[in-house]
Amino acid sequence: MSTVNHLQCTALHEWHSSHAGRMVDFAGWSMPVQYSSIIEEHHATRKSIGMFDVSHMGRFFFSGDKVDSFLDRLTTRRVAGMEVGRIRYSLMCNGAGGILDDVLVYRLPTAEGGSQIMMVVNASNREKIRNWIESNRSDQDHFELQDRTSETAMIACQGPNANGIVAEICELEPEQLKYYTGTATQVCGADAFVSRTGYTGEDGCEIIVENDRAVEVWEEIYSRAITVRGNASGLAARDTLRLEAAMPLYGHELNENINAAQVNIGFAINVKDRDFVGRSAILAAMKDQSLPRRVGFELEDRRAARQHCPIVQNGQPIGEVTSGTFSPTLERSISMGYVQPQYADLNTALTIDIRGKLHNARVVELPFYSRSAKQTVN
């Protein structure tokens with residue numbers, strides 16, 4: 001791992017810089033926010049393939065006895081008993097039910113025929129989650145946590161052509177994997193882990209490979225992507241894509257002051273027959289009818305409502321926008337935010353204060369966009 005202006009750099013940093021990537025500081029990493037235009041990169045992903053360097057995401061590998069039962073005590077989603085190859089989206093919460101991070105927990109197959117637990121965390125929360133894990137370890141918890149973020153690269157290939165292109169250089173076809181599963185394989189002859197996961201609302205896969213093979217893998221995919229009007233895409237397009245798919249983002253829809261029960265992602269909270277940090281507070285919040293709830297909005301005009309814009313009803317503030325953009329796919333202004341529960345019903349008319357001017361909006365069903373071949377998270 002190298003650094004530029006005190007920022008950490010991924011193994012693909014030089015490639016981004018030499019291909020007109022506009023580099024920005026993102027959670028202490030030098031990352032490409034865009035190459036050409038956000039809209040072009042967005043459409044390339046929806047219509048063909050978008051390639052994203054997501055190597056800034058934290059990657060923790062666990063080894064030792066009963067790691068799954070230990071993590072089961074820290075995650076809102078059941079980890080104990082996960083089948084080999086399975087991946088689960090979960091939240092990690094504090095004792096008050098506030099969200100410390102949203103994570104992916106993987107049970108990876110090993111070359112010896114066993115399995116290993118890996119966790120992917122948000123770049124901005126990497127140290128916090130590592131410290132949280134260590135602070136909850138007891139003398140009976142015998143395992144090792146290895147942070148391999150700086151040693152490996154993570155490449156997301158998303159869109160209708162993504163899996164087919166990766167299959168050309170991979171020992172397996174990603175289409176053979178069920179959604180939210182993964183396996184060890186080889187990509188360009190390099191040892192890798194491929195998972196059928198992503199953060200764009202499209203089908204696709206993510207590849208984890210050692211740093212010294214990352215550029216080779218990236219360029220092989222890129223050379224095929226550009227022949228079908230795909231492209232490298234930056235973090236800005238990744239944000240507009242995930243917002244259309246109504247995927248919550250830490251620091252926007254998720255933070256330590258928001259209880260997990262407010263986010264409306266019930267599939268990621270398993271409270272039956274298990275205990276975990278924050279469970280009691282989450283159960284209490286599920287019964288509390290006064291807490292704000294996450295909803296989606298569509299604005300009447302094209303003006304985008306950004307984070308922290310007040311949401312108003314009859315001149316009174318009733319909530320706040322957490323994310324917003326003009327949707328390149330839907331060609332209308334969309335937002336997510338939290339409102340008092342009595343205003344969360346579909347088609348409720350609201351106004352959003354954008355820099356002192358009120359704009360009409362209504363509550364709409366989430367997600368704003370979903371691909372026709374719908375798949376369910378395990």
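Sequence positions, counted from 1, serve as the residue numbers for this chain.
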- prompt: Would Arg196 count as a cation-pi partner of Tyr179, with NZ or CZ less than 6.0 Å from the six-membered ring centre and within 45° of the ring normal?
  reply: no
message: Strictly by ring pair (Phe, Tyr, Trp, His ring centres under 6.0 Å), give each pair with a member in residues 310-340 just once, sequence neighbours left out.
response: none
query: Under the 3.5 angstrom rule, does the side chain of Ser323 hit a backbone N or O of Met336 as a donor-acceptor pair?
result: no
message: Would you call the rings of His19 and Trp15 parallel, tilted or perpendicular, taking 30° and 60° as the class edges?
response: parallel
- request: Could you walk me through whether Asp68 and Arg78 pass salt bridge (Lys or Arg N to Asp or Glu O under 4.0 Å), step by step?
  value: CA-CA 9 Å; Asp68 56 349; Arg78 191 182 302 278; over 6 Å; no
task: Look at the side-chain heavy atoms of Ile, Leu, Val, Met, Phe, Trp and Tyr, link any pair under 4.5 Å apart, and say whether Ile207 and Tyr222 land in one connected group.
output: yes
field: Cluster check Val166, Tyr180: I/L/V/M/F/W/Y, side chain < 4.5 angstrom
entry: no
message: Test of understanding: with side-chain contact (heavy atoms from CB on, under 4.5 Å), list the residues that count as partners of Asp101, not counting sequence neighbours.
response: Val103, Val121, Asn122, Asn125, Ile129, Tyr250
field: Pair Ser30, His13: side-chain N/O donor-acceptor within cut-off below 3.5 Å
entry: yes
Side chains of Thr322 and Arg294, donor plus acceptor under 3.5 Å: no
field: Stepwise salt bridge (Lys or Arg N to Asp or Glu O under 4.0 Å) test for Arg88 and Glu83
entry: CA-CA 11 Å; Arg88 284 184 176 159; Glu83 298 175 359; over 6 Å; no
message: Checking one residue: Leu249. Which other hydrophobic residues are in its cluster under the side-chain 4.5 Å linking rule?
response: Tyr199, Met247
- request: Under 4.5 Å between side-chain heavy atoms, chaining through other members, with only Ile, Leu, Val, Met, Phe, Trp and Tyr counted: pull out the rest of the cluster around Val33, sorted by chain and number.
  value: Val24
Only pairs under 3.5 Å count here: list side-chain donor-acceptor contacts from residues 45-53, not counting sequence neighbours, and write none if there are none.
from: Thr45; atom 1: OG1; to: Glu41; atom 2: O; distance (Å): 3.1
from: Arg46; atom 1: NE; to: Glu244; atom 2: OE1; distance (Å): 3.0
from: Arg46; atom 1: NE; to: Thr329; atom 2: OG1; distance (Å): 3.4
from: Arg46; atom 1: NH1; to: Thr200; atom 2: O; distance (Å): 2.8
from: Arg46; atom 1: NH1; to: Glu202; atom 2: OE2; distance (Å): 3.0
from: Arg46; atom 1: NH2; to: Thr200; atom 2: O; distance (Å): 3.2
from: Arg46; atom 1: NH2; to: Leu241; atom 2: O; distance (Å): 3.1
from: Arg46; atom 1: NH2; to: Glu244; atom 2: OE1; distance (Å): 2.9
from: Ser48; atom 1: OG; to: Asn161; atom 2: ND2; distance (Å): 2.9
from: Ser48; atom 1: OG; to: Val228; atom 2: O; distance (Å): 2.7
from: Asp53; atom 1: OD1; to: Ser55; atom 2: N; distance (Å): 3.0
from: Asp53; atom 1: OD1; to: Ser55; atom 2: OG; distance (Å): 2.6
from: Asp53; atom 1: OD2; to: Thr10; atom 2: OG1; distance (Å): 2.6
from: Asp53; atom 1: OD2; to: His16; atom 2: NE2; distance (Å): 2.8

- prompt: Is there a side-chain contact between Ile352 and Leu358, using heavy atoms and a 4.5 Å cut-off?
  reply: no
- request: Could you check if a side-chain atom of Ser115 sits within less than 4.5 angstrom of a side-chain atom of Leu108, using non-hydrogen atoms only?
  value: no
- prompt: Ring centroid separation for Phe143 and Phe70, is it under 6.0 angstrom?
  reply: yes
message: Centroid separation under 6.0 Å, is that true for the rings of His56 and Phe26?
response: yes
query: Going through the distances and angles, do Arg148 and Glu151 end up as a salt bridge (Lys or Arg N to Asp or Glu O under 4.0 Å)?
result: CA-CA 5 Å; Arg148 300 201 64 211; Glu151 303 167 26; 3.0 Å; yes
- prompt: Could you give the distance from CG (Leu71) to CZ (Phe60), rounded to the nearest 0.5 Å?
  reply: 11.0 Å
task: Output every pair passing salt bridge (Lys or Arg N to Asp or Glu O under 4.0 Å) with a member in residues 340-366, not counting sequence neighbours, ordered by first then second residue.
output: Glu298-Arg362
